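Just below is one structure, and these are the notes that go with it.
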Amino acid sequence: MSQFGHVSAVNLSRQCNTLNVSIGQMNGLSFVASDAMGHKLRIPMAHAFGTRSIKSVLPLKVVCIDYPRPELDNTVNYLEAAYLSSTFRNAPRPKKPLEVVIAGAGLAGLSTAKYLADAGHKPILLEARDVLGGKVAAWKDKDGDWYETGLHIFFGAYPNVQNLFGELGINDRLQWKEHSMIFAMPNKPGEFSRFDFPEVLPAPFNGILAILKNSEMLTWPEKIKFAIGLLPAIVGGQAYVEAQDGITVKDWMRKQGIPDRVTTEVFIAMSKALNFINPDELSMQCILIALNRFLQEKHGSKMAFLDGNPPERLCMPIANHIQSQGGEVRLNSRIQKIDLNEDGSVKSFLLNNGSVIQGDVYVFATPVDILKLLLPEDWKEIPYFKKLEKLVGVPVINVHIWFDRKLKNTYDHLLFSRSSLLSVYADMSVTCKEYYNPNQSMLELVFAPAEEWVSRSDEEIIDATMKELAKLFPDEIAADQSKAKILKYHVVKTPRSVYKTIPGSEPCRPLQKSPIEGLYLAGDYTKQKYLASMEGAVLSGKLCAQAIVQDYELLAARGQNKLAEASLV
C-alpha cells in the first residue's frame with residue numbers, strides 16, 4: 001500500500017437516487033410506561049442556533065487522502081460470508097415465492113429482505129419512520145447538512161458488510177483510513193498517542209508490534225503483564241471467549257493480574273466505543289471478540305468511513321435492489337399490534353394507520369425493546385421470549401457541532417477521546433467527502449455512557465461536551481466559546497440503542513427461527529458470532545433469510561393448508 005494513498009474529490013451536484021415507497025400516516029406508537037421509547041421513538045428534532053447560508057452545489061476540490069481498499073477478498077471470513085451470499089442466488093427458484101412481511105428497515109431488516117429477494121421470494125419491508133437505516137439513520141437540516149444517529153465506522157473485520165458493499169457495487173463509497181488507532185492523552189492536553197499497524201507484517205504480528213511500539217500509554221511491565229493475561233484467550237480460542245460472558249472487563253483484568261492502569265488507559269475507551277458503557281459493566285466476551293477479530297485478521301482493525309449519509313449512500317442501494325427483485329419497501333408503516341390466529345401463530349400486522357398487512361411469513365427486525373413492547377400476551381411466558389427480558393438497549397447520544405473555523409488539532413481518522421463523557425469522535429469535515437468543508441470543522445462525537453444524560457436538555461449536553469473539547473483542543477476551543485465559536489449543533493438521543501452487553505446476556509440472545517411457526521427474528525441482538533454492530537445486524541439478516549429459505553417447503557405447505565381451511569369456511 002502506498003504510504004500516501006491517493007487523493008479523492010467529490011462533486012456535491014450529483015443527483016440522488018429516489019426511493020419508490022408507499023407512504024403511510026405518521027402516527028406514532030405509544031410505548032406505555034417507558035422513558036426509553038416514546039412517540040416516534042423520541043428521536044428529537046435537534047436544537048440548532050445560529051444561521052448560515054446553504055452550501056453551494058459547485059464541485060469541491062481535493063477533500064482528503066483515501067487509502068486503497070485493503071486485500072480482504074481472500075480472507076477466510078470474507079470467503080465464508082461470500083459463500084453464504086451465493087447460496088441465496090443459487091437456491092432453487094421457489095414454485096410460489098413466499099410473501100415475507102418484515103418489520104424494521106435498519107440494516108438487519110434490509111439485509112433480510114435483500115437476501116430473501118435474491119432467493120426468489122417477495123419481501124415486504126415496513127419501516128415505522130420516514131427514513132431508512134434504523135440505528136444508522138440520518139436527517140438533513142434546513143441548511144442541507146446531515147446529522148446522524150451515530151458515528152459509524154466500517155472495519156476490515158466486517159466480512160458480511162464488506163460482501164454487501166461488493167454485491168451492490170458500492171465498494172468505492174468506503175473511505176479507508178491509515179491503519180492506526182489514535183487515542184487522546186488526558187494527561188497531555190492536545191496530544192495523541194498512536195498504535196500504528198505496519199503493513200508489511202501479517203496478523204497477529206502487526207497488532208503486537210503496534211502495541212509494543214507505543215510507549216506513551218503503557219509501560220513495558222504493563223505490556224508484559226497484559227500479554228501474559230491474554231495468553232488463555234489466545235490459546236483457548238473461541239471456546240474460551242464464549243466462556244467469558246459471565247465476567248466484566250474490569251473483573252477479568254484483575255483476575256488475570258493485569259494492572260488497573262491498563263483498563264484505565266486502553267479499555268475504558270474500547271468499552272465505550274464497543275457498547276457505550278464502562279468496563280465495570282461490559283462483559284469481557286465483547287472485548288475478546290473484538291480483540292480476536294482485530295489481532296487474527298491483518299486488516300481487521302483497519303477503518304473506513306462512508307463517503308456520505310448512510311440512508312442515501314448505503315441503505316438506498318439495498319432498497320433499490322430489493323425493489324428491482326420484486327420486493328416492496330414502505331416507509332411510515334408503524335406496527336401497532338400483532339394479531340394472532342387461534343393456534344398462536346401470526347395472523348397479520350395491524351398498522352397505526354389502520355392498515356392490515358398479511359403474508360406467508362413474518363420477521364421482526366426491530367430493536368429488541370420494540371419487539372418486547374409488541375409481544376402478544378400469549379407469547380410472553382414462552383422461554384424463547386421470556387429470556388429477552390434481560391436484553392435491554394443502552395442509551396447513547398450523538399452530538400454534532402459546527403465551528404466557525406477549521407480546527408488544526410485533529411486527524412483524518414476516528415479518534416478515541418478517553419474522556420469521562422465522550423467515547424469517540426471525528427472531524428467529519430475532513431474524514432467524509434459529502435461533509436467536507438475546507439474552512440470550518442464539524443465534529444461528530446459519541447456521548448457515552450449516556451444513561452444519566454439522555455433526559456437532560458440539549459444545552460446541558462453541549463455545555464458538557466464543550467468542557468471536554470476544551471481539554472482535547474486547549475489552544476483552539478474554550479468552554480465559554482472565547483476561541484472557536486459554535487455556528488450550530490444537533491443532538492440526537494437514542495434512548496435504546498444496541499443491547500447492553502452485560503455479563504450473562506449471551507444465553508438470552510435468541511436464534512433467528514422462533515418457536516412460533518412462521519415467525520423469525522433479525523437484529524444484532526439475535527444469535528450470531530459478531531458483536532452488537534453493523535456487521536452483527538447484516539449477518540443476523542442473512543441468517544434469518546437462510547432459515548426461511550431452508551424452511552420453504554414447510555412454510556409453503558402451511559400456506560396451502562391455510563388456503564384450504566379458508567375455502568371450507
Side-chain angles (χ1 to χ4, degrees), residues 1-8 64-82 153-163 165-166 171-185 191-231 233-235 237 262 265-267 269-270 273 287-305 307 410-416 424 426 430-431 530 535:
M1 181 180 73
S2 166
Q3 181 179 358
F4 300 101
H6 61 276
V7 178
S8 294
C64 59
I65 294 176
D66 286 337
Y67 286 75
R69 181 175 183 269
E71 296 178 3
L72 303 171
D73 298 8
N74 292 321
T75 64
V76 172
N77 288 324
Y78 185 93
L79 293 172
E80 180 185 86
I153 303 300
F154 297 81
F155 287 95
Y158 281 3
N160 290 283
V161 168
Q162 297 301 334
N163 267 274
F165 271 83
N171 274 332
D172 60 344
R173 297 186 182 186
L174 287 177
Q175 294 182 251
W176 291 95
K177 305 305 178 183
E178 60 184 322
H179 199 169
S180 302
M181 300 183 80
I182 306 172
F183 292 74
M185 299 291 288
E191 295 187 23
F192 296 86
S193 181
R194 300 170 59 103
F195 292 87
D196 294 316
F197 293 70
E199 184 65 23
V200 295
L201 292 179
F205 302 107
N206 61 343
I208 292 172
L209 186 59
I211 294 170
L212 294 179
K213 285 173 62 180
N214 183 295
S215 59
E216 297 157 317
M217 290 177 67
L218 300 177
T219 65
W220 273 100
E222 287 167 343
K223 292 176 187 176
I224 292 170
K225 289 180 180 178
F226 179 40
I228 294 172
L230 278 179
L231 281 177
I234 296 171
V235 174
V262 175
E265 290 294 296
V266 178
F267 287 99
M270 280 194 68
I287 290 285
L288 290 176
I289 289 173
L291 287 177
N292 186 41
R293 300 297 172 200
F294 291 167
L295 293 177
Q296 297 303 322
E297 300 176 34
K298 179 176 180 178
H299 303 293
S301 57
K302 193 162 190 177
M303 305 177 209
F305 285 71
D307 67 357
T410 188
Y411 287 87
D412 179 13
H413 213 298
L414 179 75
L415 302 170
F416 292 83
V424 291
V430 174
T431 62
Y530 289 87
E535 171 68 14

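All values reported here derive from a predicted model rather than from experimental measurement. Quick note: residue numbers are just sequence positions, from 1.
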Could you tell me whether the side chain of Tyr78 reaches within less than 4.5 Å of the side chain of Val76, counting heavy atoms only? no
For Ile153 and Phe305, what are the C-alpha separation, side-chain angles and deciding distance, and is it a side-chain contact (heavy atoms from CB on, under 4.5 Å)? CA-CA 6 Å; Ile153 303 300; Phe305 285 71; 3.5 Å; yes
Would you call Phe155 and Glu535 a side-chain contact if the rule is heavy atoms closer than 4.5 Å? no
First locate atom CZ of Phe294, then atom CE of Met270, and finally report the distance between them rounded to the nearest 0.5 Å. 6.0 Å
So, taking the atom named CD in Glu297 and the one named CG in Leu72, what distance separates them when rounded to the nearest 0.5 Å? 8.5 Å
Looking at Phe183, is Arg194 sitting on its ring face, NZ or CZ under 6.0 Å from the six-membered ring centre and within 45 degrees of the normal? no
With side chains defined as the heavy atoms from C-beta onward, is the minimum distance between Phe154 and Val161 less than 4.5 Å? yes
So do the side chains of Ile182 and Leu414 get within less than 4.5 Å of each other, counting heavy atoms only? no
Has the side chain of Lys177 got a donor or acceptor atom that lies under 3.5 Å from a matching backbone atom of Thr431? yes
Rounded at 0.5 Å granularity, tell me how far CE in Met181 sits from OG in Ser301. 6.0 Å
Shortest non-hydrogen separation from Lys302 to Pro68 and the atoms involved: NZ-O, 4.2 Å
Under the side-chain contact (heavy atoms from CB on, under 4.5 Å) criterion, do Met185 and Met217 qualify, and how do the steps go? CA-CA 8 Å; Met185 299 291 288; Met217 290 177 67; 4.0 Å; yes
Counting only N and O atoms by type, is there a donor-acceptor contact under 3.5 Å from the side chain of Lys223 to the main-chain atoms of Asn214? yes
Check: Tyr67 main-chain N/O paired with Glu178 side-chain donor or acceptor under 3.5 Å: no
Is the shortest heavy-atom distance from the side chain of His299 to the side chain of Gln162 under 4.5 Å? no
With sequence neighbours excluded, tell me which residues meet ring pair (Phe, Tyr, Trp, His ring centres under 6.0 Å) with Phe192. Tyr411
Can you find a heavy atom in the side chain of Asn171 that is under 4.5 Å from one in the side chain of Arg69? yes
If I take atom CD1 from residue Ile211 and atom CZ from residue Phe195, how far apart are they, to the nearest 0.5 angstrom? 6.5 Å
Spell out, as yes or no, whether a donor-acceptor pair under 3.5 Å connects the side chain of Glu222 to the backbone of Thr219. yes
Please work out which of the three classes, parallel, tilted or perpendicular, describes the rings of Phe267 and Phe226, given edges at 30° and 60°. perpendicular
Rounded at 0.5 Å granularity, tell me how far CG in Leu415 sits from OG1 in Thr410. 5.0 Å
Under the side chain to side chain donor-acceptor pair (under 3.5 Å) criterion, do Asp307 and Gln175 qualify, and how do the steps go? CA-CA 6 Å; Asp307 67 357; Gln175 294 182 251; over 6 Å; no
Return the minimal non-hydrogen interatomic distance between Val266 and Leu218, and the atom names on each side. CG2-CD1, 4.2 Å
Expected output: side-chain Glu80 to main-chain Thr75 donor-acceptor under 3.5 Å: no
Quick check: does any side chain N or O of His413 sit under 3.5 Å from a backbone N or O of Ser180, one acting as donor and the other as acceptor? yes
Are Asn160 and Asn77 side-chain neighbours, meaning at least one heavy-atom pair lies under 4.5 Å? no
Okay, side chain of Asn163, backbone of Gly166: is any donor-acceptor separation there less than 3.5 Å? no
So does Ala210 get a backbone contact from the side chain of Asp196, meaning a donor-acceptor N/O pair under 3.5 Å? no
Are any side-chain N or O atoms of Glu216 and backbone N or O atoms of Ser193, one a donor and one an acceptor, separated by less than 3.5 Å? no
